[in-house]
J.: 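Right, I'll just put the structure down here and ask away after.
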There are 2 protein chains.
Amino acid sequence: MKVSIPAAPLPLAFPDGVFPAGCPSRTVLDHITSKWGVLILVSLSEGGQRWSELRRRAEGISEKMLAQTLKTLERDGLVSRHAQVIIPPRVDYSLTERGYELSTLLVPLVAWAFNNADAIVNGQR
Amino acid sequence: MKVSIPAAPLPLAFPDGVFPAGCPSRTVLDHITSKWGVLILVSLSEGGQRWSELRRRAEGISEKMLAQTLKTLERDGLVSRHAQVIIPPRVDYSLTERGYELSTLLVPLVAWAFNNADAIVNGQR
DNA sequence: CAGAATCCGCAATGATACTG
DNA sequence: CAGTATCATTGCGGATTCTG
């Protein structure tokens with residue numbers, strides 16, 4: 001049985017529906033949809049967390065990639081870093097307002113992936 | 001000025017908030033958040049489109065990556081392929097029901113990236 | 001027109017070791 | 001604890017050629 005699927009209008013300002021190669025949104029999209037970027041942002045949507053906690057939650061991430069991902073997100077103004085100069089050091093990360101706004105779009109996406117993962121990898125319906 | 005940001009509860013079934021390394025959702029997430037996967041899915045959210053049109057809209061994509069991306073999304077049951085055996089050939093792609101459901105999450109994400117791109121790359125607020 | 005097949009470079013990633 | 005530095009690897013992705 002076939003069902004007709006309603007076409008959703010793209011509420012985007014892309015001329016002729018073309019996603020331009022040099023568009024800045026491409027870079028932003030690459031950052032926020034990166035393998036580890038998504039997990040870090042979603043993880044932080046629950047509130048501020050320490051370096052070690054982020055490393056634990058994004059299972060499998062290397063220290064290098066955690067540092068790199070956090071730096072990129074910080075430069076993008078999505079994550080803010082709060083370092084306490086104590087020994088041993090303690091550094092907390094949290095979402096900025098803009099990062100939090102983004103996370104409200106990312107959380108449903110990760111949830112969807114989780115809920116549909118089995119059906120997708122097994123080719124079920 | 002600082003503002004307090006409410007913590008959003010993660011409506012996910014991840015134990016201890018840990019995203020497991022071997023979780024199938026990781027693979028799914030990689031597919032649907034891939035560089036070209038996002039653009040193809042969002043493009044198709046407007047309705048069925050031909051190979052050549054997808055190639056045009058996802059500006060900068062190579063034939064290889066278009067083929068590879070479409071195959072992956074088709075295997076995942078998110079995109080369906082409709083080939084007409086004529087000369088010259090004509091092949092249309094469209095979203096499955098599951099793919100369409102996903103696109104409703106992806107479209108706002110791309111729109112957000114587009115709307116915030118300038119502020120992000122320029123470091124503005 | 002819509003691909004498939006092949007070659008190939010380099011940037012992204014991981015592993016390891018070191019440090020304030 | 002929270003990183004940085006260096007090195008090794010690989011597989012992603014681009015360019016090209018060929019075809020039904």
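Reminder, nothing fancy here: chain letters follow the sequence lines and each chain counts from 1. Values below: every heavy atom of this structure, side chains too, minus hydrogens, waters and symmetry copies.
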J.: Please give, in whole Å, the distance from dT19(C) P to I87(A) CD1?
T.: 16 Å
J.: Taking all non-hydrogen atoms of both residues into account, name the closest pair between S43(B) and L54(B) and its distance.
T.: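 Scanning both residues, the minimum pair turns out to be OG-CD2, 3.9 Å.
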J.: Which of these nucleotides, dG14(D), dT4(D), dG14(C), is closest to any side-chain atom of E63(A)?
T.: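 Nearest to the side chain of E63(A) among the choices is dT4(D).
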J.: Considering heavy-atom distances to DNA chain C, does P88(B) or M65(A) have its closest nucleotide positioned more toward the 5' end?
T.: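 That would be P88(B).
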J.: Within less than 4.0 Å of OP1 or OP2 of dG3(C), is there a side-chain N or O belonging to R81(B)?
T.: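 Answer is yes, contact under 4.0 Å.
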J.: Return the value, rounded to whole Å, for the distance between atom CD of Q68(B) and atom P of dG14(D).
T.: 10 Å
J.: Given side-chain hydrogen bond (donor to acceptor under 3.5 Å, both in side chains), test T96(B) with S80(B) step by step and report yes or no.
T.: CA-CA 6 Å; T96(B) 63; S80(B) 56; over 6 Å; no
J.: Does the side chain of Y93(A) come within less than 4.5 Å of I40(A)'s, by heavy atoms?
T.: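 Side-chain contact under 4.5 Å: no.
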J.: Which one of T69(B), L102(B), L105(B) satisfies the side chain to side chain contact (heavy atoms under 4.5 Å, CB included) criterion with L41(B)?
T.: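 Of the listed residues T69(B), L102(B), L105(B), the side chain to side chain contact (heavy atoms under 4.5 Å, CB included) partner of L41(B) is L102(B).
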J.: Would you mind reading off the distance between K64(B) atom NZ and dT16(D) atom P, rounded to a whole angstrom?
T.: 14 Å
J.: Check this for me, if you would: do E59(A) and R26(B) make a salt bridge, where the nitrogen-to-carboxylate-oxygen distance has to be below 4.0 angstrom?
T.: no
J.: Name the nucleic acid region contacted by R50(A), choosing base, sugar-phosphate or nothing; use a 4.0 angstrom heavy-atom cut-off, strictly under.
T.: sugar-phosphate
J.: Please report, rounded to the nearest Å, how far the P atom of dA2(D) is from the CG atom of L70(A).
T.: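 Spelled out: CG on L70(A) to P on dA2(D) is 11 Å.
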J.: If you check the S52(A) side chain, which of dA2(D), dG14(D), dC1(D) turns out closest?
T.: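 Nucleotide nearest to S52(A)'s side chain: dA2(D).
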J.: Would you mind reading off the distance between W51(A) atom CH2 and dT19(C) atom C1', rounded to a whole angstrom?
T.: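 These atoms are roughly 14 Å apart.
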J.: How long is the line joining NZ of K35(B) and C1' of dA12(C), in whole Å?
T.: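 In whole Å, dA12(C) C1' and K35(B) NZ are 12 Å from each other.
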J.: Would you say K71(B) places a side-chain N or O within less than 4.0 Å of OP1 or OP2 belonging to dA2(C)?
T.: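 So the side-chain polar atoms of K71(B) never come under 4.0 Å of the phosphate oxygens OP1 or OP2 of dA2(C).
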J.: Could you state the atom-to-atom distance from CD1 of I61(B) to P of dC12(D) in whole Å?
T.: 15 Å
J.: Name the closest nucleotide to the A67(B) side chain, picking from dA4(C), dC1(D), dT4(D).
T.: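 Of dA4(C), dC1(D), dT4(D), dA4(C) is nearest to the side chain of A67(B).
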J.: What is the distance from CZ of R90(A) to C1' of dA2(D), rounded to the nearest Å?
T.: 12 Å
J.: Compare the minimum distances between each of dG3(D), dA2(C), dG14(C) and the side chain of Y93(A), then state the nucleotide with the smallest one.
T.: dG3(D)
